[in-house]
J.: 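Before we start, here is the structure in question, set down as structure tokens.
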Amino acid sequence: LARRAINPRRDYWTLPAGFMEMHETTAEGAAREALEEACARIEIDALLAVYNIPRIGQVQIMYRARLAEPSFAAGEESLEGGLFAWEDIPWDRLAFPSVLWALRHWHEVRHLPSFVPFGNPPDDRGAR
């Protein structure tokens, strides 16, 4: 996780994420954002989820990945980075609902070699 150094939700924890650049795939964008925000080189394993968030005009594409190298650090848009045991995740300091969704979805399939990607949770009342 990366602790945000920018608004919105400065000082809250998030997964490295951001907007795509021209001529890059979603996977390339995810890898670039991980490098920019957490100085982490990742190997993408699978598409984890696609979340529709019309209230802010976004579709968020989340990937399951692992560190390609055992190093990470705070990037330009982060105050710090951290690896957490499941029980130590700062649940009350997560920046956005989609971070919570992605963490829960990852936990559900963390040991599965393949799975059907997730969408918004059924209890997502704020999607519109």
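Note that the coordinates shown come from a computational prediction; the quantities given were computed from them, not determined experimentally. Side chains are part of it too, since the values below use all heavy atoms of this structure and drop only hydrogens, waters and symmetry mates.
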J.: Should V99 and V59 be counted in the same cluster of Ile, Leu, Val, Met, Phe, Trp and Tyr side chains packed under 4.5 Å apart?
T.: no
J.: Tell me which pairs pass ring-ring contact (aromatic ring centres under 6.0 Å, His included) where either residue lies in residues 40-61, with sequence neighbours left out.
T.: Y51-W101, Y51-H105
J.: Suppose the criterion is salt bridge (charged side-chain N to carboxylate O under 4.0 Å, His left out): which pairs have a residue in residues 86-105, not counting sequence neighbours?
T.: D11-R93
J.: Holding to salt bridge (Lys or Arg N to Asp or Glu O under 4.0 Å), I want the full list of residues that pass it with E80, two or more places apart in sequence or in another chain.
T.: R3
J.: Once rounded to the nearest 0.5 Å, what's the spacing between atom CG of L103 and atom CZ of F84?
T.: 10.5 Å
J.: Please round to the nearest 0.5 Å and tell me the distance separating atom CG of L15 and atom CG of L1.
T.: 5.5 Å
J.: Measure the CG-CD1 distance between L83 and I89 for me, rounded to the nearest 0.5 Å.
T.: 10.5 Å
J.: Identify whether L94 and W106 are in the same connected component of the hydrophobic contact network (ILVMFWY, side-chain heavy atoms under 4.5 Å).
T.: yes
J.: Pair up each side-chain donor or acceptor in residues 108-118 with any protein partner under 3.5 Å, not counting sequence neighbours, and list the distances.
T.:
from : atom 1 : to   : atom 2 : distance (Å)
R110 : NH1    : H107 : O      : 2.3
R110 : NH1    : H107 : ND1    : 3.4
R110 : NH1    : H107 : NE2    : 3.4

J.: Quick one: side chain to side chain contact (heavy atoms under 4.5 Å, CB included) partners of A68, sequence neighbours excluded?
T.: R41, E43
J.: Could you check W86 against W91 for ring-ring contact (aromatic ring centres under 6.0 Å, His included), going step by step and ending with a plain yes or no?
T.: CA-CA 10 Å; W86 183 253; W91 297 106; 4.9 Å; yes
J.: Which pair of heavy atoms, one from L48 and one from A102, lies closest together, and at what distance?
T.: CD2-O, 3.5 Å
J.: By the ring-ring contact (aromatic ring centres under 6.0 Å, His included) test, which pairs, at least two apart or in different chains, include something from residues 22-44?
T.: none
J.: Of all residues at least two apart in sequence or in a different chain, which pass the side chain to side chain contact (heavy atoms under 4.5 Å, CB included) check with R9?
T.: R4, Y12, A95, F96
J.: Show me the pairs that pass side-chain hydrogen bond (donor to acceptor under 3.5 Å, both in side chains) and involve residues 60-71, at least two apart or across chains.
T.: T26-Y63, D45-R64, Q58-Q60, Q60-S98
J.: Could you give the side-chain donor-acceptor pairs of residues 31-39 under 3.5 Å, partners two or more places apart or in another chain?
T.:
from : atom 1 : to  : atom 2 : distance (Å)
R32  : NE     : E24 : OE1    : 3.1
R32  : NE     : E24 : OE2    : 3.2
R32  : NH1    : E36 : OE1    : 3.3
R32  : NH1    : E36 : OE2    : 3.3
R32  : NH2    : F19 : O      : 2.8
R32  : NH2    : E24 : OE2    : 2.6
E37  : OE1    : A17 : N      : 3.3

J.: What distance separates I42 CD1 from L67 CG, expressed to the nearest 0.5 Å?
T.: 8.5 Å
